[in-house]
Number of protein chains: 2
Amino acid sequence: MSKQTALAVTDLSAGAVCCQPLSEQRIPAETAAVLAPAFKALGDPVRLQLMSMIASAPSGEICVCDLTPSFTLSGPTISHHLKTLRDAGLVEAERRGTWVHYRARPGLMTQLAALLAVHEPAAS
Amino acid sequence: MSKQTALAVTDLSAGAVCCQPLSEQRIPAETAAVLAPAFKALGDPVRLQLMSMIASAPSGEICVCDLTPSFTLSGPTISHHLKTLRDAGLVEAERRGTWVHYRARPGLMTQLAALLAVHEPAAS
DNA sequence: TGCCTAGGTTGACAGATTTCGAAACAGAGT
DNA sequence: ACTCTGTTTCGAAATCTGTCAACCTAGGCA
């Protein structure tokens with residue numbers, strides 16, 4: 001099941017599924033179906049923190065061994081959450097030697113941010 | 001009942017739960033716990049579309065009677081999804097005569113967008 | 001080479017949460 | 001009273017969360 005969404009997300013992060021703020025134009029059902037899983041992936045406190053730790057890593061990437069100790073959860077649980085973020089297209093993993101490093105994929109996050117951008121009402 | 005959940009969200013949308021991009025600074029567990037539910041609320045294709053339809057309504061608000069026909073789901077189901085968005089603090093409802101109108105609350109969405117903003121590597 | 005240990009992932013499972021619709025309910029208009 | 005709009009309640013099916021056990025890969029060492 002996650003395979004399907006992962007594929008779609010890969011497509012969009014390569015391309016141009018959305019860019020218009022959500023408040024300026026109705027999202028087509030198709031687009032919503034593609035982007036909702038990304039929001040869902042961020043819709044868990046642990047995953048939101050993981051995403052933040054990965055994205056804010058000074059070197060651009062961070063070892064799982066540095067992530068796990070920050071939570072009271074077990075290793076497998078963290079691994080599952082990381083897989084969710086991976087399937088959503090928000091991060092990618094690379095094994096270098098003994099350790100696995102996670103890196104953020106800014107493309108999709110940028111799209112989500114653009115989607116949420118609120119058009120300044122009057123102003124101008 | 002919606003008052004309770006609305007309170008926490010009201011606090012944050014009034015105040016300073018977050019503002020820093022997720023990729024610039026680690027989100028504290030506390031902040032993650034507060035913001036994750038908002039992402040979770042957007043993490044469903046139907047709710048994402050609903051949010052978009054509400055936020056992009058030309059008059060700033062939209063009647064439930066205009067929302068329901070756009071989906072193949074039953075009335076109660078749409079109502080449930082709307083309640084989820086309400087509880088998350090993303091929209092608010094007002095009954096005017098026979099019909100109920102939904103309006104977006106941009107505050108929280110702005111915060112989420114700021115959180116997802118990706119720091120430009122160059123600049124600064 | 002063969003064996004051992006450590007880091008992470010995967011699979012399977014119980015318990016909690018979500019999703020959806022049928023039926024019942026509340027508000028407003030006729 | 002009756003109708004129409006939308007919400008709430010309730011229950012069933014599906015999904016999600018977290019853990020243990022098993023597995024795989026990489027590295028160290030005799």
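Below, read A as the first sequence line, B as the second, and so on, with proteins coming before strands; counting in each chain starts at 1.
In this structure, A:Leu85 atom CG and D:dC16 atom P are separated by 14 Å, rounded to whole Å. For A:Leu50 and C:dT9, the CG to P distance is 11 Å, given to the nearest whole Å. Regarding A:Lys83, its NZ atom lies at a distance of 13 Å from the P atom of D:dC16, rounded to whole Å. At whole-Å resolution of the value, CD1 in A:Ile78 and P in D:dT19 are 9 Å apart. In this structure, CG of A:Leu82 is placed 14 Å from C1' of D:dT17, rounded to the nearest angstrom.
Separating the CG atom in B:Leu22 from the CE atom in A:Met51 is a distance of 6.0 Å, to the nearest 0.5 Å.
No option in A:Glu92, A:Arg86, A:Glu94, A:Glu61 other than A:Arg86 meets the side chain to side chain donor-acceptor pair (under 3.5 Å) test with A:Tyr102.
Within the 4.5 Å cutoff, the side chain of A:Phe71 has heavy atoms near those of the A:Met53 side chain. Two residues are said to be in side-chain contact when any heavy atoms from C-beta on lie closer than 4.5 Å; B:Leu90 and B:Ile54 fail this criterion. A heavy-atom distance below 4.5 Å is found between the side chains of A:Leu42 and B:Leu116. For the pair B:Asp87 and B:Lys83, the minimum side-chain heavy-atom distance is below 4.5 Å. You'll find the side chain of B:Val46 stays beyond 4.5 Å of the side chain of B:Thr77, heavy atoms only. Side-chain contact check for B:Ser70 versus A:Arg26: some heavy-atom pair is nearer than 4.5 Å. Under the 4.5 Å side-chain criterion, counting only non-hydrogen atoms from C-beta, B:Leu82 is not in contact with B:Val91. Side-chain contact between B:Asp44 and B:Thr84: absent, with no pair of heavy atoms (C-beta onward) separated by less than 4.5 Å.
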Can you pull every protein N or O that's under 3.5 Å from an N or O on nucleotides 13-20 of chain C?
residue: C:dT18; atom: OP1; partner: B:Lys40; partner atom: NZ; Å: 3.3
residue: C:dT19; atom: OP1; partner: B:Arg47; partner atom: NH2; Å: 3.4
residue: C:dT19; atom: OP2; partner: B:Arg47; partner atom: NH1; Å: 3.3
residue: C:dC20; atom: OP2; partner: B:His81; partner atom: NE2; Å: 2.5

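Note on A:Trp99: a side-chain N or O is less than 4.0 Å away from OP1 or OP2 of C:dG8.
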Problem - Heavy-atom protein contacts under 4.0 Å, nucleotides 24-29 of chain C, coded B base, S sugar-phosphate only, - none - result: ---BSS
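In this structure, B:Tyr102 reaches the sugar-phosphate backbone alone: every heavy-atom distance under 4.0 Å involves primed, P, OP1 or OP2 atoms, never a base.
Over its full length, the helix from C:dT1-D:dA30 to C:dT30-D:dA1 turns its helical axis through 20°, comparing axes from the five pairs at each end and rounding to 10°.
In this structure a side-chain-to-backbone donor-acceptor pair under 3.5 Å is present from A:Thr110 to A:Pro106.
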